[in-house]
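Report on the following structure.
Sequence lines set the chain letters: A, B, ... in the order given, protein chains first and strands last, and positions in each chain run from 1.
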Amino acid sequence: MDLERLWRDTLVASAAELWKIDLLHPRFAPLIEPPSDFRFGDLASGVAMRLARDLKKPPRKIAEELVAKLGDVPGASRIDVAGAGFINFIAGKAALASAVDAARREGPSYGRSDVRRGCRVLVEHTSANPTGPLHIAHGRQAAIGDSLARVLRHAGFTVGTEFYVNDTGRQIENLGKSILWRRYELQGTPFRREIRGVDDEGRPAAWLAAEINGARFEIEERNLYRGDYIIELAKRVPEPVTLGACGRFGRDVLLAEIRRDLEDFRVAFDRWSSQEALERGGAVADLVEKLKARGLTFEKDGAVWLLSRDYGDTDDKVLVKKDGQYTYRTPDIAYHCDKFGRGWDRLVDLWGPDHHAHVLGMRVALKMLGLLKEPDVMAGKEVSGTLVPSTPAENFQVLIVQHCRLLKDGQEVKMGKRLASYVTLRELMEEVGVDAARYFFVMRKTDSPLDFDMTLALRQEADNPVYYVQYAHARIASVLRKAVDKGLLRPSDFKEGVYAGPFEADALGAEETLLIRHMSGLRRTVDRAAQALDPSLVCAYLYSLAAAYQFYQTAGKKDPSKRILVDDERVRRMRLASVSAVKAALKTAMGLIGVEAPERMESVAAEPEAES
RNA sequence: GCCCCCGUAGCUCAAAAGGACAGAGCACCGGAUUUCUAAUCCGGUGGUUGCAGGUUCGAUUCCUGCCGGGGGUACCA
């Protein structure tokens with residue numbers, strides 16, 4: 001039974017009868033939502049306040065009339081009018097009990113909804129160039145992208161995840177040159193530094209050059225990859241060592257490393273899309289031809305330009321440079337066409353802040369190709385059937401994943417000079433663990449810059465949210481173990497780590513009610529997180545449910561009658577069922593952000609110090 | 001110049017689609033433990049939500065202007 005929907009429909013029906021007003025109109029939304037404080041009740045409606053002007057009556061009076069009309073509502077034990085005119089719904093014990101049962105029974109599926117079944121959304125994220133190891137900025141993208149995919153799946157979307165591999169072009173050429181340069185260096189070839197001309201920003205350009213077997217080899221310094229990993233690659237390039245071989249070798253090794261890092265970070269992709277394959281298959285050339293044929297391009301200074309200004313861009317953009325090479329955006333547009341062509345209804349991309357300026361360009365290009373669906377077109381499909389009407393969304397959305405600063409002992413961890421690279425994701429994983437890393441990366445809104453406090457992530461205290469949440473789960477597990485030890489439960493009473501036996505709803509008390517109200521918010525949280533494309537809401541849910549539980553269990557310290565394992569079997573079973581439901585909900589929600597739910601917490605202090 | 005994001009407690013951040021007294025954590029002060037793992041909890045101090053207008057029954061939230069901070073603005077990717 002879905003109380004939210006049930007109660008909402010009751011409100012709608014009553015208002016229609018009383019005043020012939022359709023409360024489903026967006027201006028009355030949200031019709032029903034969790035109250036600001038769960039002490040008010042299970043769900044609340046502020047609709048009376050929004051009706052005040054239409055009905056020319058004080059909100060409280062409207063609320064009272066509406067409540068009188070509602071009469072007895074299924075699942076509710078009481079409906080109050082409070083404050084300026086809020087209507088508070090208080091669930092009956094049977095309804096609370098069924099929530100407890102649902103969480104225990106559904107486990108990993110708890111909080112899932114199916115209203116969006118059939119909508120196919122493709123999440124592309126991370127997509128780091130295979131020219132170096134993943135660093136923490138990629139880590140944040142990966143954590144958010146993967147969590148978002150899990151959340152969308154839980155919210156009922158059919159979800160795909162992709163990593164776009166820039167495995168050809170300038171970057172790979174520069175990678176190859178960098179490796180070859182190191183290779184020559186290792187062989188003792190002397191390089192000289194020359195200042196020649198200016199770079200694009202008007203500064204003197206420095207080049208490294210050498211004569212090798214009578215031929216000149218040179219590379220502009222700013223294009224060099226200088227990390228130590230380049231030297232390692234240079235040592236390992238198989239013969240014959242050519243520029244192309246170096247690029248391909250480096251790319252393949254680094255891509256394999258990226259895949260391994262992501263796998264260890266619990267980030268899975270359904271598909272790795274190769275730019276090289278796309279170009280080889282002719283998709284990019286076809287795109288340019290198609291645009292030309294439709295008269296959407298022009299030629300100037302030997303380059304092919306897109307008439308993007310006519311479609312809302314700030315400038316016309318180059319598709320094919322005068323040297324015949326594509327700009328970065330041309331294969332990128334082709335790739336997005338490809339994604340739509342493979343049947344996805346909606347594309348969500350996660351990009352770094354340095355790509356911010358390209359959002360508009362991509363939107364415009366898709367619009368020119370007739371692939372972009374404007375908000376109103378999407379709205380009909382998405383709104384229908386959902387409990388919370390959607391903000392109309394385009395079928396192409398970009399999330400800019402903001403910068404992430406690493407802090408250690410209150411100081412920013414700067415770029416490692418010797419390595420000439422940022423702190424790698426691998427190093428971060430090894431230092432703070434996958435759970436803490438993923439939780440911290442997802443904790444803040446995607447478009448807010450994040451300060452990642454490594455000292456805090458390692459601390460095993462309440463101020464570290466990931467430990468706080470995991471500890472709540474482990475504490476429940478501990479109580480359940482205790483119940484077995486004391487002979488109060490048998491192993492056969494358990495299913496998936498929770499007490500699966502029956503309990504009497506009448507035994508539920510005020511403390512459990514509060515706990516269950518917090519727990520019941522998962523479905524709504526997932527719905528909202530999917531709607532807003534914001535997995536940080538899952539962290540907020542986890543933290544507040546964990547806090548509610550920590551409060552609940554600690555209350556039993558002062559007052560033994562509030563303990564879970566009390567003598568009264570009826571109360572005890574009710575409490576075991578309630579906390580088991582919380583345990584299941586915590587585990588499910590942690591799963592949505594890729595964090596493990598431990599059965600017991602082991603103190604770091606008890607373990608031998610890991611020396612590096 | 002233009003575009004985007006952000007200004008909330010001393011610090012880091014919340015505030016659900018415009019609603020209940022703007023909430024947490026840290027820090028500071030004071031309490032609770034013969035434990036269901038205190039890795040916890042409770043209480044207290046702390047706010048003109050950058051400034052000025054506007055819309056509204058109601059604004060941290062929406063609109064306008066200003067001040068301050070960050071990012072972006074390639075025939076690089």
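- Judged by ring centres under 5.5 Å apart and planes tilted less than 30 degrees, Y467(A) fails to stack against the six-membered base ring of rA39(B).
- For D567(A), the CG atom counts as loosely surrounded, since its 6.0 Å shell holds 12 or fewer non-hydrogen atoms of other residues, nucleotides or ligands.
- Out of rC75(B), rC13(B), rG25(B), the shortest distance to the side chain of R444(A) is found at rC13(B).
- Across all strands shown, rG1(B) forms a Watson-Crick or G-U wobble pair with rU73(B), both key distances being under 3.5 Å.
- Counting any heavy atom pair closer than 4.0 Å across all strands shown, A52(A) reaches no nucleic acid atom.
- Residue K445(A) is in sugar-phosphate contact alone, with no base atom involved, counting any heavy-atom pair closer than 4.0 Å across all strands shown.
- Judged by distance alone with a 3.5 Å cut-off, a donor-acceptor contact links the side chain of H358(A) to the base of rA77(B).
- Searching all strands for a Watson-Crick or G-U wobble partner of rG7(B) with both distances below 3.5 Å returns rC67(B).
- Comparing rU64(B) with rA27(B), their P atoms are spaced 41 Å from each other, to the whole Å.
- When the P atom is used for both rA24(B) and rU56(B), the distance is 34 Å, rounded to whole Å.
- Residue-to-nucleotide contacts include no donor-acceptor pair under 3.5 Å from the side chain of D527(A) to the base of rA16(B).
- Ring to ring, Y328(A) and H358(A) are close: their centroids are under 6.0 angstrom apart.
- The nucleotide rU33(B) finds no pairing partner, because no Watson-Crick or G-U wobble arrangement with both distances shorter than 3.5 Å includes it.
- Protein atom CZ of R39(A) is 13 Å distant from nucleotide atom P of rC21(B), rounded to whole Å.
- At a threshold of 4.0 angstrom between heavy atoms, the contacts of N88(A) include nucleobase atoms, whether or not backbone atoms are also involved.
- For the pair D332(A) CG and rC76(B) P, the interatomic distance rounds to 15 Å; values are reported in whole Å.
- Note on Y541(A): every side-chain N or O is 4.0 Å or more away from OP1 and OP2 of rA14(B).
- Residue R60(A) contributes atom CZ, which lies 11 Å from atom C1' of rA20(B) at whole-angstrom precision.
- Spacing between atom CG of L224(A) and atom P of rC76(B) amounts to 18 Å, rounded to whole angstrom units.
- If you run side-chain hydrogen bond (donor to acceptor under 3.5 Å, both in side chains) between Q275(A) and each of D332(A), N129(A), N166(A), only N166(A) comes through.
- Side-chain atoms of H473(A) do not come within 3.5 Å of backbone N or O of V469(A) as any donor-acceptor pair.
- A distance of about 27 Å separates the P atoms of rA22(B) and rC28(B), rounded to the whole Å.
- Across all strands shown, K57(A) has no heavy atoms under 4.0 Å from either base or sugar-phosphate atoms.
- The side chain of S448(A) lies closest to rA14(B), out of rA14(B), rA20(B), rA77(B).
- In this structure, R459(A) reaches neither bases nor backbone, as no heavy-atom distance under 4.0 Å exists between it and the strands shown.
- Here rA77(B) is the nucleotide among rA77(B), rA20(B), rC41(B) with the atom lying nearest to any side-chain atom of N129(A).
- Rounded to whole Å, the separation between the P atoms of rG50(B) and rA9(B) comes to 8 Å.
- Within the nucleic acid shown, A44(A) comes within 4.0 Å of at least one base atom, counting heavy atoms only.
- Between D534(A) and K445(A), at least one side-chain N (NZ, or NE/NH1/NH2) sits under 4.0 Å from a carboxylate O, which counts as a salt bridge.
- Relative to the side chain of D463(A), the nucleotides rC75(B), rC26(B), rU12(B) differ in distance, and rC26(B) lies closest.
- Of all nucleotides listed (rC41(B), rG25(B), rU73(B)), rC41(B) comes nearest to the side chain of Y468(A).
- At the heavy-atom level, K482(A) lies under 4.0 Å from the strands shown only through sugar-phosphate atoms.
- Between L592(A) and P535(A), every side-chain heavy-atom pair lies at or beyond the 4.5 Å cut-off.
- Counting non-hydrogen atoms under 4.0 angstrom, P35(A) reaches a base of the nucleic acid.
- Between F551(A) and G169(A), it is F551(A) whose nearest contact on RNA chain B lies nearer the 5' terminus.
- If you take CG of L360(A) and P of rC4(B), they are 10 Å apart, rounded to a whole angstrom.
- Sparse packing is recorded around CZ of R363(A), with 12 or fewer heavy atoms of other residues, nucleotides or ligands lying under 6.0 Å away.
- Nucleic acid contact class of R50(A) (heavy atoms, under 4.0 Å, all strands): base.
- Nucleotide rU48(B) forms no Watson-Crick or G-U wobble pair with any nucleotide shown, as no partner meets the under 3.5 Å limit on both distances.
- The side chain of A357(A) has rG72(B) as its nearest neighbour among rC41(B), rA17(B), rG72(B).
- Contacts of T327(A) with the nucleic acid, taken as non-hydrogen atoms under 4.0 Å apart, involve only primed sugar atoms and P, OP1 or OP2.
- Nucleotide rG23(B): paired with rC13(B) (Watson-Crick or G-U wobble, both distances less than 3.5 Å).
- At a threshold of 4.0 angstrom between heavy atoms, the contacts of N464(A) with the nucleic acid are absent.
- Between rU49(B) and rU60(B), the distance separating the two P atoms is 7 Å to the nearest Å.
- Here rA17(B) is the nucleotide among rA17(B), rG25(B), rC75(B) with the atom lying nearest to any side-chain atom of P30(A).
- rG30(B) and rA16(B) are spaced 36 Å apart, taking the P atom of each and rounding to whole Å.
- Using a 4.0 Å heavy-atom cutoff across all strands shown, A532(A) reaches no nucleic acid atom at all.
- Tested against D349(A), the residues H125(A), H336(A), H355(A) include a single side-chain hydrogen bond (donor to acceptor under 3.5 Å, both in side chains) partner, H336(A).
- When rounded to the nearest whole Å, the span between CG of N223(A) and P of rA74(B) equals 17 Å.
- One interatomic measurement links the two molecules: CD of Q275(A) to C1' of rA77(B), which rounds to 9 Å at whole-angstrom precision.
- For rC76(B), the OP1/OP2 oxygens have a side-chain nitrogen or oxygen of K321(A) closer than 4.0 Å.
- Under 3.5 Å, the side chain of R170(A) and the base of rA77(B) form no donor-acceptor pair of N or O atoms.
- Between rC57(B) and rC11(B), the distance separating the two C1' atoms is 37 Å to the nearest Å.
- Taking atom CG on L456(A) and atom P on rC13(B), their separation rounds to 12 Å, with Å as the unit.
- Shown here is R481(A), whose CZ atom has more than 12 heavy atoms of other residues, nucleotides or ligands within 6.0 Å.
- For K557(A), no side-chain nitrogen or oxygen approaches OP1 or OP2 of rG31(B) to under 4.0 Å.
- The side chain of R528(A) approaches rA16(B) more closely than any other nucleotide in the set rA16(B), rU12(B), rA39(B).
- Distance alone, capped at 3.5 Å, is enough to place a donor-acceptor pair between the S308(A) side chain and the D315(A) backbone.
- Residue K558(A) is in sugar-phosphate contact alone, with no base atom involved, counting any heavy-atom pair closer than 4.0 Å across all strands shown.
- Closest to the side chain of E33(A), out of rC41(B), rA16(B), rC75(B), is rA16(B).
- The gap from the C1' atom of rU48(B) to that of rC2(B) amounts to 34 Å, rounded to the nearest Å.
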